[in-house]
Amino acid sequence: MLSFSIITPTLGKRRFLIETLESVHPSDCGPTVEHLVVTAPEASTTPRTVDLGSNRTECKFVKAPIAGAAAAFNVGLYQASGDIIGCLADDDQYRPRTLARVAEIFQANPDCDLIYGATEQIDEDSVAYRTSVPRKLDAGRIRRRADGYQPSLFFRRSVIDQVGGLDETLRYHYWYDFVVRAFLAEQTFFREESCLARKRRHRHNTHFGNAAVGYQISRAQERVELLHRHYGDVPPQAALELGKYLAIQQGHDPLQPGYDKALLHLASQSVEALGCKTRLLPSHVKAQVSRSLKYPRELTRYLPMGIGPTLRGFFRSRLFQLKQHEPRTFNIDNHARGASPEKQLSIGIVTPNLNTGEYLERTIESVVGQGFPRIQYVVQDGESTDNSVDIIRQYESKLHCWESRRDGGQTQAINRGLSHVDTDIMAYLNSDDILLPGSLSFVSEYFRSHPDVDVIYGHRLIIDENDQEIGRWVLPPHDDHAIMFADYIPQETMFWRKRAWQAVDCTLDESFQFAMDWDLILRFRSAGLKFVRVPRFLGAFRVIETQKTQVLLETAGTTEMNRLRRRVIGHVPTTREMRRAIRPYRFRQWFHHHAQTLLETARG
């Protein structure tokens, strides 16, 4: 019977460690499993046994001075006593029956040295959203692609004797280097198409998200040097990848003329610096032809100056695009004829705030400056340390109430503020966004004349730090199907009746810190409430680098959005499935955007 050694270095990120340990479950195959958890000497852990039901996996904590992930894995590799070795990061997991399947493969293929399989990518709630299935490994592919083999890689202990451990001088591609060395040493690989492991995406994982260009350059440079060391030359694909990021770093737009020339020049320089030459042009042309078939807009950079950007701008959907053009002064015709004061409905608005004093005054002024008589406006501050409280006090006489009190986040602040509101219509406005002139009178009159409508929202204006327009979302009528897959409703333009608020128990779900507005929308939808998109710009969304929308989108935001999709749809849809579901809505949005542009042009 084969025995296993599973190595898990934990370098301080232990949020998911218990889930990782519990995923190493040998009950279906019955092998002996030792789990070596490598940790720093100062860590407060001791050897222990993790109970996994009817089986017990021996979990040994190995304390050793470590400098990086590769060094930590090596500590475990050289202490492993099992016949088969697997390496699992402290935030990843094995799929059920993984060890059983791996044991079966090795027993059925005694000449097999390494097994690599498919990997599921999961979010912070351990929900899978994408599966990466590796292709068959051959001499050409291993040079062209630096595939991610971990954590679905298992190998016999004899492989360590043949090729050695991980290269601790490498920061990014130490597993890729290990696989290349094993391949060059003519070790036998077996490709398993089923999923063996799950790789987690979260805010501390540098392998996911929108990595900075400098990070991408470092990765590409390390790969170029690694391949040159093993093969004596540099494959064109690796050199072109490095040239691409260097060109972007120097300010060359991939959709502008001159990009190809800069890319080829910089890629050629990187290869020549290593003392070798590579024919880059044929590979680049082949890659661009293939990409242009998939993304026709790539061809527009070869058009005469000015024509390409115009075509791309015309055919591009503005939905979910936060910067669409250079800053310019906006002029929105928002004249609204309000009813007499005694007929107007009351409106309650809450602004949650924490240290956004730079924009808070403009937000407050956009509400109180409308002169709407039946307004209950609440500013809920979370004990800001900047000048926010001083600004609030300047407008104290125009506010329904305000307080500065420590809270558990934005969602709790909104709930606290709305608890002070007793009005016909309700909304909240973030402390860096603004309402557009005349919006409150329009909202009151619309709800008064449409008693069957529960929730309304309008078009979105996008502004920068200086109140300059940088984009617009001109939205088509409400789509009840598309809203299950993506939140296209601009929160700063959304208003709802008191009866709608009561239908969702008068509260936002405080377990959400990013997608609380989408959660509220979906709860409104589940309650059978009627949504209407009104053909009017009601609010402006401000884009700043430090706002939560930008910071959390790739981390907690993805987790929360997938959690909502799973609740409403029943599963987390793939990227392709989501694109297919909202494609009709995006086409209608494109049509309405250009219709609005033509209308404004006709009005002069």
Note: Tyr149 and Leu137 closest approach over all heavy atoms is OH-CD1, 3.2 Å

With Gln596 as reference, evaluate His594, His592, Glu600 under the side chain to side chain donor-acceptor pair (under 3.5 Å) test and give the passing residue. Glu600

Judged by modelled atom types alone, do Arg200 and Thr20 share a side-chain donor-acceptor pair under 3.5 Å? no

Worked check of side chain to side chain contact (heavy atoms under 4.5 Å, CB included) between Ile115 and Phe189: CA-CA 6 Å; Ile115 295 174; Phe189 286 78; over 6 Å; no

Do the non-hydrogen side-chain atoms of Asp509 and Arg523 ever get within less than 4.5 Å of each other? yes

Side-chain heavy atoms of Asp177 within contact of Leu166, under 4.5 Å: no

Taking Lys199 first and then Asp92, would you say they form a salt bridge - that is, a charged N and a carboxylate O separated by under 4.0 Å? yes

Aromatic ring pairing Tyr174/Phe73, orientation class (parallel under 30°, perpendicular over 60°, tilted between): tilted

Can you check side chain to side chain contact (heavy atoms under 4.5 Å, CB included) on Glu19 and Asp91, steps first, answer last? CA-CA 8 Å; Glu19 295 176 53; Asp91 48 7; over 6 Å; no

Mutual orientation of the aromatic rings belonging to Phe155 and Trp175 [parallel < 30°, tilted 30-60°, perpendicular > 60°]: tilted

Side chains of Tyr585 and Leu475: closer than 4.5 Å at any heavy-atom pair? yes

Go through the steps for Arg563 and Ser511 under the test side-chain hydrogen bond (donor to acceptor under 3.5 Å, both in side chains), then give the verdict. CA-CA 11 Å; Arg563 174 180 161 193; Ser511 67; 2.7 Å; yes

Per side-chain contact (heavy atoms from CB on, under 4.5 Å), Phe541 is matched among Asn430, Thr493, Leu322, Asp432 by Leu322

Please check: side-chain N/O of Arg318 versus main-chain N/O of Arg472, any donor-acceptor pairing under 3.5 Å? no

Nearest-0.5 Å distance that lies between atom CD1 in Ile105 and atom OG in Ser194: 6.5 Å

If you count the non-hydrogen atoms of other residues, nucleotides and ligands that lie under 6.0 Å from CZ in Arg141, is the total more than 12? yes

If you compare all heavy atoms of Met494 against all heavy atoms of Ala427, which two are closest, and at what distance to 0.1 Å? O-CB, 3.4 Å

Check the angle between the aromatic planes of His481 and Phe485 and answer parallel, tilted or perpendicular using the 30° and 60° thresholds. tilted

Suppose we call two aromatic rings close when their centres sit under 6.0 Å apart. Are Tyr215 and Tyr172 close by that rule? yes

Salt bridge present between Arg101 and Glu104 (N-O < 4.0 angstrom): yes

Asp517: which residues meet the side chain to side chain donor-acceptor pair (under 3.5 Å) condition with it, sequence neighbours left out? none

Has Gln121 got a side-chain atom pairing as donor or acceptor with Thr131's backbone, closer than 3.5 angstrom? no

With respect to Met516, which candidate in Phe512, Phe514, Trp518 satisfies the side-chain contact (heavy atoms from CB on, under 4.5 Å) definition? Phe512

Nearest heavy-atom pair of Leu429 and Pro352: which atoms, and what distance? O-CD, 3.6 Å

Anything under 3.5 Å between a donor and an acceptor, one on a side chain of residues 238-249, the other on a protein residue two or more places apart or in another chain? List them.
residue : atom : partner : partner atom : Å
Glu241  : OE1  : Arg223  : NH1          : 3.1

Output, in order, the C-alpha distance, side-chain angles, deciding distance and verdict of side chain to side chain contact (heavy atoms under 4.5 Å, CB included) for His284 and Asp260. CA-CA 9 Å; His284 179 65; Asp260 297 272; 2.7 Å; yes

Would you give the length of the straight line joining atom CD1 of Ile84 to atom SG of Cys112, rounded to the nearest 0.5 angstrom? 8.0 Å

List the atom of Trp501, the atom of Leu508, and the distance in Å for their closest heavy-atom pair. CH2-N, 3.7 Å

Ile122 versus Gln93: any side-chain heavy-atom pair under 4.5 Å? yes

Can you see which heavy atom on Glu120 is nearest to which on Cys195, and at what distance? CG-SG, 3.5 Å

Verify, without hydrogens or angle tests, whether Ser526 (side chain) and Leu522 (backbone) share a donor-acceptor contact under 3.5 angstrom. yes

Using a strict 4.0 Å threshold on nitrogen-to-oxygen distance, state whether Arg565 and Glu560 make a salt bridge. no

Assess whether a salt bridge exists between Glu193 and Arg191, defined as any Lys/Arg side-chain N lying under 4.0 Å from an Asp/Glu carboxylate O. yes

Cation-pi check for Phe531 against Arg525: NZ or CZ below 6.0 Å from the six-membered ring centre and within 45 degrees of the axis, yes or no? no

To the nearest 0.5 Å, atom CG of Leu21 lies from atom CG of Leu88 at 9.0 Å

Checking His230 against Glu225: is there a side-chain donor and acceptor pair closer than 3.5 Å? no

Please check this pair: side chain of Asp505 against backbone of Thr507, looking for a donor-acceptor N/O pair closer than 3.5 Å. no

Between Ile6 and Leu99, is the side chain to side chain contact (heavy atoms under 4.5 Å, CB included) condition met? List the steps. CA-CA 10 Å; Ile6 308 301; Leu99 299 185; 4.2 Å; yes

Decide ring-ring contact (aromatic ring centres under 6.0 Å, His included) for Tyr488 and Phe320; before the verdict, give the C-alpha distance in whole Å, the side-chain angles of both, and the deciding distance to 0.1 Å. CA-CA 7 Å; Tyr488 58 79; Phe320 308 123; 7.8 Å; no

Drop me the distance from Phe178's CZ to Gln187's CD, to the nearest 0.5 angstrom. 8.5 Å

Exercise: identify the closest heavy-atom pair between Gly409 and Gln513: CA-OE1, 3.6 Å

Using side-chain heavy atoms (C-beta onward) and a distance below 4.5 Å, is Tyr116 in contact with Val179? no

Tell me, do Phe106 and Phe154 make a side-chain contact under 4.5 Å, heavy atoms counted? yes

Quick one: do Arg588 and Asp479 make a salt bridge, cutoff under 4.0 Å? yes

Salt bridge Arg542-Asp464, side-chain N to carboxylate O under 4.0 Å: no

Given the ring of Tyr231, does Arg143 sit roughly above its face, with NZ or CZ under 6.0 Å from the centre of the six-membered ring and within 45° of the axis? yes

Just checking, any donor-acceptor pair under 3.5 angstrom between side chains of Ser132 and Thr119? no

Hey, does the side chain of Ser268 reach the backbone of His265 with a donor-acceptor pair shorter than 3.5 angstrom? no

As an exercise, state the distance from CG of Leu564 to CD1 of Ile521, rounded to the nearest 0.5 Å. 10.0 Å

Is there side-chain contact between Val532 and Val455, with heavy atoms separated by less than 4.5 Å? no

Got a sec, which residues hit salt bridge (charged side-chain N to carboxylate O under 4.0 Å, His left out) with Arg580, two or more places apart in sequence or on another chain? none

Are Glu222 and Arg171 within salt-bridge range, i.e. N to O under 4.0 Å? no

Point-to-point distance, once rounded to the nearest 0.5 Å, from CG of Leu266 to NZ of Lys261: 11.5 Å

Residue pair Glu469 / Leu461, side-chain heavy-atom distance below 4.5 Å: yes

